[in-house]
Amino acid sequence: MPELPEVETVRAGLEPLVSGTSIDAVTIYRASCVRHHGGGAGEFGLAVADAGIGEVVRRGKYLWFLLEEGHESPVNALSAHLGMSGQFRSFEGSPPAPHAHCRARFALTTPQGPLTLDFLDQRTFGYLRVESLVPTADGAPGGHGSEVPAVPRSVAHIARDALDPAVDQAGAVTAMRKGTRPIKTVLLDQTVVSGIGNIYADEALWLARIHPLRRASSLTSSEATRVLDSVRGVMGRALAQGGTSFDALYVNVNGESGYFSRDLAAYGRAGEPCVRCGDLLTRDRVAGRSTHWCPRCQTGPKPGTDRD
DNA sequence: AGTAGCACCTGATTGC
DNA sequence: TGCAATCAGGTGCTAC
C-alpha cells in the first residue's frame, strides 16, 4: 500500500535511471493496466513510442514521467499510479522473462545501452496512461522532482501533498475544516491534502491525539494544524527510513518490504497497549477502512452524545 | 455541491 | 483435506 513516502522512494530511484533515456517500445501484458488511457493498449503504445523521458515527478501518490517529444517544453506525461501493489523494476542488458505480475514492459535506450523497465502490479489497482499537461493554478512547480509548473490532466484535481513546499498551509487547514465528515475520511480525501493513505492517517491521528471519528469541522485551527504537522512528522520519518534503507537498486527489491518493517504506533495494533498511555488500542471501520486508535489518549466524540 | 457507497482485483487467511 | 467466505485497500465512478 504505497503512500507518499513509498511513492517518493520509487520516484527518487527511477529518476537517475530513466531520465535522459528514450522509449523504444512497450509491451502490455494486461490491457486493464492502461484502462484509463483513451484508446486502449494499441494507442498507448503509439503514444509512448520514440518519446524521450525527462523529469520524474510526484504529487502525493501520483507519479509521472515528463515526455520530451521535440517541443520546447513537455506537453505530455506518462503518468503512473501504483494503486495498492504497483512496483517498477529495471534490468540492464538482457531482461529475464517477465514476472507473472508484470503488466507492462518498456524497452528503453540509454547512452549505456538497453534498459528494461517493468511495471508489476499484483492486485491490478494501479495504472498507466499518457495524457496532456495542464498548467498549475498557482504557477508553482506541479510536483516534487520538477520545475515545470504543470501537471497531468488527471492530477489537476488532486491537492498539493503535505510535504510540498508550495502547499498553502492556511488553505489546507480551511479545506480540512469544511463539511461534515470525520477527520479520518478527510485525511484520505486526496483533494484536501494529498499523499495520505490508510496507514499514515491512523498514525498521524494517533500522534496528534485526535480521534478518527471527530467531525473535521469541530477541529480548531490549531488542532487541524497539529494534525497536518503530525502527517508531516510520520511521513517525513518514513521517508528518511525509506531513503536510507534502499539504495539506487531499490527498484529491484519488493517495494513493500520496507513499509511494514517500520514501527507503527497505531495501525495494525488493535488489542495491543498504546505505547503512550498503556490502554488497549481499538479498531473499527471508518469510511469503509480499517481504523485504529487509542480510546484513552485520542480525544473524540463522546459515546451517547453528539458533541464532537 | 458535498457525501456515501460500490466496483475494480488478487492472494492470504479464516471458517466450516 | 478441500472449498467457500472474508479481508485488505486507492481510486474512479455513480447515485443520492
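Scope of the values below: all heavy atoms of this structure, side chains included, with no hydrogens, waters or symmetry mates. Just so it is clear, the structure is predicted and the values come from calculations on it, not from any experiment. In what follows, chains carry the letters A, B, and so on, assigned in the order in which the sequence lines appear, proteins first and then strands, with residues in each chain numbered from 1.
C:dG10 atom C1' lies 16 Å from atom CG of A:Leu128, rounded to whole Å. What separates NZ of A:Lys61 from P of C:dG10 is a distance of 5 Å, to the nearest Å. Taking atom NE2 of residue A:His292 and atom C1' of nucleotide C:dC7, one finds them 12 Å apart after rounding to whole Å. The separation between A:Leu82 atom CG and C:dT11 atom C1' is 13 Å, rounded to whole Å. Distance CZ (A:Arg177) to P (B:dG2): 16 Å, rounded to an integer number of Å. Remark: P of C:dC7 and CD1 of A:Ile199 are 18 Å apart, rounded to the nearest angstrom. C:dA8 atom P lies 11 Å from atom CG of A:Asp284, rounded to whole Å. Going from atom CD of A:Glu3 over to atom P of C:dA8 covers 15 Å, rounded to whole Å.
Among pairs with a residue in residues 204-213 of chain A, those fulfilling side-chain hydrogen bond (donor to acceptor under 3.5 Å, both in side chains) read A:His211-A:Trp293, at least two apart in sequence or across chains. Listed by first and then second residue, the salt bridge (charged side-chain N to carboxylate O under 4.0 Å, His left out) pairs that reach into residues 128-139 of chain A are A:Arg129-A:Glu131, A:Asp138-A:Arg160, sequence neighbours excluded. Judged as a salt bridge (charged side-chain N to carboxylate O under 4.0 Å, His left out), the pairs with a partner in residues 181-190 of chain A (not counting sequence neighbours) are, in order, A:Arg181-A:Asp189, A:Lys184-A:Asp202. Pairs engaging residues 278-289 of chain A under the salt bridge (charged side-chain N to carboxylate O under 4.0 Å, His left out) rule: A:Asp279-A:Arg296 [sequence neighbours left out].
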Under 3.5 Å, N/O pairs linking protein and nucleotides 3-5 of chain B:
{"residue": "B:dT3", "atom": "OP1", "partner": "A:Thr180", "partner atom": "N", "Å": "2.6"}
{"residue": "B:dT3", "atom": "OP2", "partner": "A:Arg181", "partner atom": "NE", "Å": "3.4"}

Polar-atom pairs under 3.5 Å, protein N or O versus N or O of nucleotides 12-14 of chain C: list them with distances, or write none.
{"residue": "C:dG12", "atom": "OP1", "partner": "A:Tyr127", "partner atom": "OH", "Å": "2.2"}
{"residue": "C:dG12", "atom": "OP2", "partner": "A:Tyr62", "partner atom": "OH", "Å": "3.0"}

Report all interatomic pairs (protein N or O, nucleotide N or O of nucleotides 6-9 of chain B) with separations under 3.5 Å.
{"residue": "B:dC9", "atom": "O4'", "partner": "A:Thr124", "partner atom": "OG1", "Å": "3.4"}
{"residue": "B:dC9", "atom": "O3'", "partner": "A:Arg30", "partner atom": "NH2", "Å": "3.1"}

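In this structure, A:Phe65 and A:Phe88 have perpendicular ring planes: the angle between them is above 60°, well past the 30° mark.
Using a cut-off of 4.0 Å between Lys/Arg side-chain N and Asp/Glu carboxylate O, A:Arg214 and A:Glu223 are scored as salt-bridged. A salt bridge between A:Arg232 and A:Asp229 is present, with a side-chain N of the basic residue lying under 4.0 Å from a carboxylate O of the acidic one. Here A:Asp161 pairs with A:Arg58 in a salt bridge; the nearest charged N to carboxylate O distance falls below 4.0 Å. Here A:Asp118 does not pair with A:Arg89 in a salt bridge; the nearest charged N to carboxylate O distance is not below 4.0 Å.
Residues satisfying the side-chain hydrogen bond (donor to acceptor under 3.5 Å, both in side chains) test with A:Asp50, not counting sequence neighbours, are none. With sequence neighbours left out, the side-chain hydrogen bond (donor to acceptor under 3.5 Å, both in side chains) criterion links A:Ser73 to no other residue. Applying the side-chain hydrogen bond (donor to acceptor under 3.5 Å, both in side chains) criterion to A:Gln190, with sequence neighbours excluded, gives no partner residue.
End-to-end axis angle of the helix from B:dG2-C:dC16 to B:dC16-C:dG2, using five pairs per end and rounding to 10°, comes to 50°.
A close approach under 4.0 Å does occur between a side-chain nitrogen or oxygen of A:Arg285 and OP1 or OP2 of C:dA8. The phosphate of C:dG10 (OP1 or OP2) has no side-chain N or O of A:Gln190 nearer than 4.0 angstrom.
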TODO: With side chain to side chain donor-acceptor pair (under 3.5 Å) as the test, would you mind laying out the steps for A:Asn76 and A:Ser132 before giving the verdict?
DONE: CA-CA 4 Å; A:Asn76 288 319; A:Ser132 59; 5.1 Å; no
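Through direct or relayed side-chain contacts under 4.5 Å between Ile, Leu, Val, Met, Phe, Trp and Tyr, A:Ile158 connects to A:Val57, A:Tyr62, A:Trp64, A:Leu66, A:Tyr127, A:Leu133, A:Val134, A:Val148, A:Val151, A:Val155.
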